[in-house]
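Everything below concerns the one structure shown next.
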Amino acid sequence: MGRALIIGAGGVASVVVHKCCQNSEVFEEICIASRTKSKCDALKEKLDDGKTIITTAQVNADNVSELVQLINHYKPDIVINVALPYQDLTIMDACLETKTNYMDTANYEPLDTAKFEYKWQWDYKEKFEKAGITALLGSGFDPGVTGVFSAYAAKHYFDEINEIDILDCNGGDHGYPFATNFNPEINIREVSAKGSYWEDGKWIETEPMEIKRVYNFDEVGEKDMYLLHHEELESLAINIKGIKRIRFFMTFGPSYLAHLKCLENVGMTSIKPIEYEGKMIVPLQFLKAVLPDPASLGPRTKGKTNIGCIFIGKKDGKEKTYYVYNICDHQECYKEVGSQAVSYTTGVPAMIGAMMVMTGKWDRPGVYNIEEFDPDPFMEALNKWGLPWKESFRPMLVD
Ligand code: NDP
């Protein structure tokens, strides 16, 4: 079918590469390109005996001309951006210049401000339309599958959806007192920010971790979960008809929260550069350097994740509820691809999103969030490629 250029060689990229290689009919050739080429070569070495032809390259994805040179040389059908959110715009610029399709799993965030919103990427809409190429934004799990679940619920079960609660539960235990399951810098920026949710046409802001609920998750059990701001709230509030309230909750254990509070209190989560021994350093980047690499958590993490969406809305004039979720086992993921479930649940939808664009199932020039496309082929692919989903029509609701 075609070739994909994968940018990044971290925890999520590793799963994307494994999954592309399992799907060699679509991904006949892939190029893994990242800042540290040795990480790309290590991935190639693990997977080089399959049908997909793998090449590697070194690239600084902050530099548009380097990216353009690489894309012009490799000529991919799509660029899969699984580097960091800071690189979204430079990679989109390079895709525009070379007229190449684009896909990512997280929205743009400026390096010096912990503010993630879609404005910057939505501003590319007209340029992508004119160039005749597609940018698929947020094809991980959340954002990603949560948007597909929402489009699926809207298409098949509701005339209008009034409320969505997205519940992200990680019931896994890696045995460390404190570690993050994906890039620590991005993770800590996200969870230490103020919370917010959308209600009656406006954002309601909360203090970080101010709103706590307890939920009994299928196959995981009872967990404390906290309301966070999360990027898909912004696009779903616009794209899903009839929305009055949308919230996002994530589970955290007491040890994670106690460590986070302490690190915040001593200034270690700050992104303001400070001078240390004559050199400027960013405390959060230093903290990342001493924390366990999320890609190394695979062999130690036991337990399951359970991520899904609860919908409340109307069908034929009657109120209706619907819950759709995926359960993923950390150890099973490790057995299959050598990664824990958080990388797995992000990398599988990234491969599927790229497949949707490459096979022409999702083929519309412009910049789109995932819920703007037909959810059916993606839902089918989730079952096939390792993230089967479950449904309930009488879920426990969140107050
Ligand atoms: P990692 O830190 O493990 O990997 C990031 C990779 O990007 C590294 O290989 C890094 O290179 C590379 N990179 C960073 N800067 C550059 C640059 N300037 N040029 C080239 N390569 C660069 O992160 P994860 O794999 O955990 O996360 C990847 C992405 O997935 C993030 O954007 C994250 O927000 C997103 N994500 C999305 C989720 C979802 O459900 N939607 C869930 C989890 C993550 P080096 O090795 O040299 O540092």
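Counting convention: from 1, in listed order, for ligands and their atoms alike.
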Report yes if the side chains of Asn265 and Lys261 come closer than 4.5 Å at any heavy-atom pair, otherwise no. yes
Connected to Leu297, directly or through other members, by ILVMFWY side-chain contacts below 4.5 Å are Tyr176
Quick one, Asp218 and Lys390 - any side-chain contact, counting heavy atoms below 4.5 Å? yes
To which residues is Met280 joined in a hydrophobic cluster, defined by side-chain heavy-atom contacts under 4.5 Å among Ile, Leu, Val, Met, Phe, Trp and Tyr, whether direct or through other members? none
So if I only count non-hydrogen atoms and take anything under 4.0 Å from ligand 1, which residues does that give, chain by chain? Gly8, Ala9, Gly10, Gly11, Val12, Ser34, Arg35, Thr36, Lys39, Val59, Asn60, Ala61, Asp62, Val82, Ala83, Leu84, Pro85, Gln87, Thr105, Ala106, Gly140, Phe141, Asp142, Pro143, Phe182, Asn183, Ile186, Thr346
Paired with Leu137, the side-chain contact (heavy atoms from CB on, under 4.5 Å) test is passed by just one of Tyr118, Tyr108, Tyr368, namely Tyr118
Using residues 308-319 as the side-chain source, report each donor-acceptor pair under 3.5 Å to any protein atom, sequence neighbours left out, with the distance given to one decimal.
{"from": "Lys314", "atom 1": "NZ", "to": "Asn162", "atom 2": "OD1", "distance (Å)": "3.0"}

